[in-house]
Trainee: 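Structure incoming, see below.
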Amino acid sequence: MLFNSIDYLLFFPIVVLIYYLIPHQKRWILLLVASYYFYMSWKAEYIVLIIISTIADYYLAIKIYNEIRNKPRKIYLSISLIVNLGILIGFKYFNFISENLNVILNGFQLQTSIPYLDFLLPVGISFYTFQTLSYTIDIYNGKIKPERHLGKFAVFVSFFPQLVAGPIERAKQLLPQFNNVQYLNNENIVNGLRRILWGLFKKVVIADRVAVIVNHIYNDPSQQNGLTLLIASYLFAFQIYCDFSGYSDIAIGSAKILGIKLMENFNVPYFAKSISEFWSRWHISLSTWFRDYLYIPLGGNRVSNSKRYINIFIVFVVSGIWHGANWTFVIWGAIHGGLLLIEKWLKLDSRKLSQLSGINKMIRVVVTFHLVVTGWVFFRVESIDQAVFILMEIISLNSWQFDIALLSPTVGNIPVVTIPKFILSLFFVCLLIIFEYLFADRKFKAIFFNSPKYLRWSVYYILILTIIIFGNHGNIEFIYFQF
Amino acid sequence: MKKLITHLVLFILILLLVLVSIDNFLKTGQKNTKSLSGIKLNRVLSKKDIDPGIMIFGSSIAEGGIIPNLLSEKTKLDVFNCALSGRRVQDWNCLANEFLGYSKNSKILIFDVFPYALNWENNLYFPHEFYPFLNNKNVRNALSPINDKFDKMTFIPFYDLTQLNSTYLANAVFTWRDFLLGKESKDSIEFEGYNKVIGSNFPQKIEDILLPIEISEKSKVLYEDLINKAKNKEIKVVFYASPIYRENLKYFNGFDEIIDIVSLWQDQFDNVYFVDYSNDDEFIYDKDLFYNSTHMNFKGATLLTSKIADHLISNEITPNK
């Protein structure tokens with residue numbers, strides 16, 4: 001069930017209606033049933049994995065908490081890690097590992113080969129396993145107490161707005177909210193609906209429109225030239241941002257309507273003035289997860305500079321691996337890790353950058369954006385060779401030429417992208433940049449939200465009509481579902 | 001809470017009003033558009049005032065290939081050319097079904113046969129032309145199996161607004177503009193539906209525009225269904241294979257199979273007649289008669305229409321007067 005589908009349009013209001021009609025003590029049942037139904041609409045059998053993860057971590061967390069001795073606590077934590085990471089590695093990385101091991105074995109002329117498993121990747125597996133892992137690790141570190149109510153814990157693991165693509169929540173923030181009494185609240189409903197509207201605009205109008213162009217070009221880069229590949233790379237940067245942040249907006253908005261606060265996951269990342277700042281604005285729930293559960297346990301900032309740099313690099317490579325079972329993701333992570341190390345080495349820390357203004361700030365933003373786009377090329381392609389080819393074509397200016405035919409796939413001899421559609425897509429991207437720039441300013445935000453109702457409603461109506469009329473309603477999945 | 005619910009309800013009501021207005025603006029505009037196909041759809045699906053003795057259905061092959069007033073002159077029957085450019089039976093069967101539902105005068109249906117007649121696409125060429133008629137049962141039945149977005153259009157309100165295109169918008173705007181300016185409609189009872197093309201326009205590289213020839217069971221079933229419905233109303237169905245320019249016949253491998261299928265229908269159904277001009281020497285070597293490899297121009301259509309008329313009369317397919 002996609003957020004931008006008719007199914008969700010029917011499902012969610014029904015859930016909200018029942019939610020506020022039933023006693024709050026029973027709401028966890030509704031949320032659990034709704035969440036399981038939401039997940040099972042993808043592939044019913046895979047609910048077993050969530051249930052295994054839920055039951056394992058529920059009991060292990062209690063055991064960890066009740067156990068005083070260190071060794072058994074470590075064993076219980078290890079079991080939790082094995083169960084969760086085992087499911088994740090088994091479904092997501094087994095074939096990648098076996099493929100690479102087979103290459104090595106063939107290199108040694110060994111006849112044996114490791115078989116491939118024919119499993120569909122469970123949607124959201126990287127997200128919910130990390131969420132439950134953070135729970136058991138926090139219990140182990142004494143940061144929180146275990147949730148004794150299995151049902152509410154199960155809701156924490158499977159809460160439908162954020163189940164399949166985050167934000168990756170912390171138990172400390174999310175679990176207590178299932179115990180709080182949520183009343184029908186004007187502010188929650190209105191803010192939630194606004195957030196959903198904006199998320200749908202980003203996903204349906206921008207991400208899914210540019211996806212048509214990007215997919216066409218990246219599916220066969222050899223038929224393109226440097227300029228069209230550059231355009232597609234820029235567009236992909238906005239596609240992935242609008243797709244992922246749009247999902248997060250809808251998730252946050254949906255939860256808000258239910259009176260549940262989820263963490264912010266994006267903060268206008270393409271306005272970042274450095275890679276370091278970019279990662280404080282992009283997929284915040286994941287970057288903070290890696291900071292708290294990998295970087296800090298590796299030593300964090302408390303070690304020597306050289307060790308710190310190694311740790312940073314490791315974290316970003318692992319982050320790359322988290323995104324997908326392909327060397328291109330590893331390279332993507334390594335690029336970001338490398339860029340971050342260069343910034344550290346050049347001492348481009350945030351204090352200096354925050355003092356930048358005017359043209360200097362603009363230059364930093366543009367440079368950072370282009371560095372990020374370079375990384376996105378590796379993120380998008382199927383192989384490293386393809387990424388290198390694309391970057392080389394972009395750099396070789398001789399081959400640049402603009403021909404709409406290169407951008408335009410056809411279906412039954414009917415062009416799918418025409419010049420007006422391409423220009424319209426660019427227009428919406430520009431609109432996004434302007435809106436995000438304006439609404440990043442608290443003063444402007446306050447002016448808008450305090451403006452007369454007819455003005456605000458006009459904007460909402462225009463957004464809704466834009467989504468309906470100009471959106472791509474081809475049911476294109478969210479990019480981060482594949483993670 | 002009362003204020004919240006009031007505001008929500010008001011917001012939704014205004015939104016519905018806006019959507020209904022836009023939807024009706026577009027649908028009314030498209031319905032009354034002056035395009036050939038728009039007029040035909042409106043006359044058959046909405047006004048239902050077309051009921052000639054001979055009704056022609058099919059694609060641009062028939063739309064530009066049969067001249068109604070010439071056929072009428074020879075056969076002494078009213079003729080209307082309801083063929084739609086760019087369409088196959090998956091699209092136009094709704095018109096034929098609608099016509100068969102209300103017709104009292106029809107004696108003969110003419111269907112064109114061409115290399116892509118039995119292809120099945122999971123999309124429509126000009127889907128917006130059907131949007132004003134989504135309430136029509138035959139239109140819904142025709143659209144549903146093609147693509148799930150058309151299926152959704154048949155039961156989700158305003159879903160057609162998510163499938164807009166610039167032609168739909170332009171048609172609506174121009175129709176309303178002409179209405180407000182008091183311009184006369186092109187549609188009149190004398191309008192016969194023929195698409196007159198003069199001269200030739202053979203493509204430089206025919207390979208660039210070729211499609212694979214398919215024989216879809218779904219398309220066959222639609223034809224057979226129409227044949228049976230026509231039979232129940234004692235209406236004869238005449239299939240004609242349009243001439244194909246000889247030099248380019250080699251690009252249409254597989255057309256023989258379609259000819260065989262139609263020939264089989266002629267044997268199976270006693271109300272079906274088939275005449276094959278695809279290899280007729282009188283046409284296929286003369287480029288001047290063709291607009292392109294498979295379409296006749298006005299000169300070719302004049303000759304073809306005469307031959308069809310002669311065939312109908314000589315084989316006593318037309319009723320005796």
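All values derive from a computational prediction rather than experimental measurement. In what follows, chains carry the letters A, B, and so on, assigned in the order in which the sequence lines appear, proteins first and then strands, with residues in each chain numbered from 1.
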Trainee: Heavy-atom cut-off 4.5 Å, strictly under: side chain, backbone, both or neither for B/Ile156 against chain A?
Mentor: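 For B/Ile156, the side chain is the part near chain A, not the backbone.
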
Trainee: Does any backbone or side-chain atom of A/Ile467 lie under 4.5 Å from a heavy atom of chain B? Answer side chain, backbone, both or neither.
Mentor: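 When you check distances to chain B, no heavy atom of A/Ile467 falls under 4.5 Å.
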
Trainee: Do A/Lys202 and A/Asp243 sit within salt-bridge range, that is, some charged N less than 4.0 Å from a carboxylate O?
Mentor: no

Trainee: Might you work through the side chain to side chain contact (heavy atoms under 4.5 Å, CB included) test for B/Phe202 and B/Phe290, ending with a clear yes or no?
Mentor: CA-CA 9 Å; B/Phe202 280 74; B/Phe290 287 87; 3.7 Å; yes

Trainee: Chain A heavy atoms under 4.5 Å from B/Leu10: which part of the residue, side chain, backbone, both or neither?
Mentor: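 Contact with chain A: backbone and side chain both.
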
Trainee: With only heavy atoms counted, which part of B/Leu169 is less than 4.5 Å from chain A, the side chain, the backbone, both or neither?
Mentor: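 It is neither, since no heavy atom gets under 4.5 Å.
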
Trainee: Going by an N to O cut-off under 4.0 Å, is there a salt bridge joining B/Lys40 and B/Glu63?
Mentor: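 Answer for the salt bridge query: yes.
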
Trainee: For chain A, which of B/Ile5, B/Leu164, B/Leu15, B/Leu8 has the most heavy-atom pairs under 4.5 Å?
Mentor: B/Leu15

Trainee: Partners of B/Phe25 by side-chain contact (heavy atoms from CB on, under 4.5 Å), sequence neighbours excluded?
Mentor: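 Partners of B/Phe25 under the side-chain contact (heavy atoms from CB on, under 4.5 Å) test: B/Ala172, B/Val173, B/Trp176.
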
Trainee: At a heavy-atom separation under 4.5 Å, does A/Ile464 approach chain B through its side chain, its backbone, both, or neither?
Mentor: side chain

Trainee: In terms of heavy-atom proximity below 4.5 Å to chain B, should A/Ile189 be classed as side chain, backbone, both, or neither?
Mentor: side chain

Trainee: Should A/Lys203 and A/Asp249 count as an ion pair when the cut-off is N to O under 4.0 Å?
Mentor: no

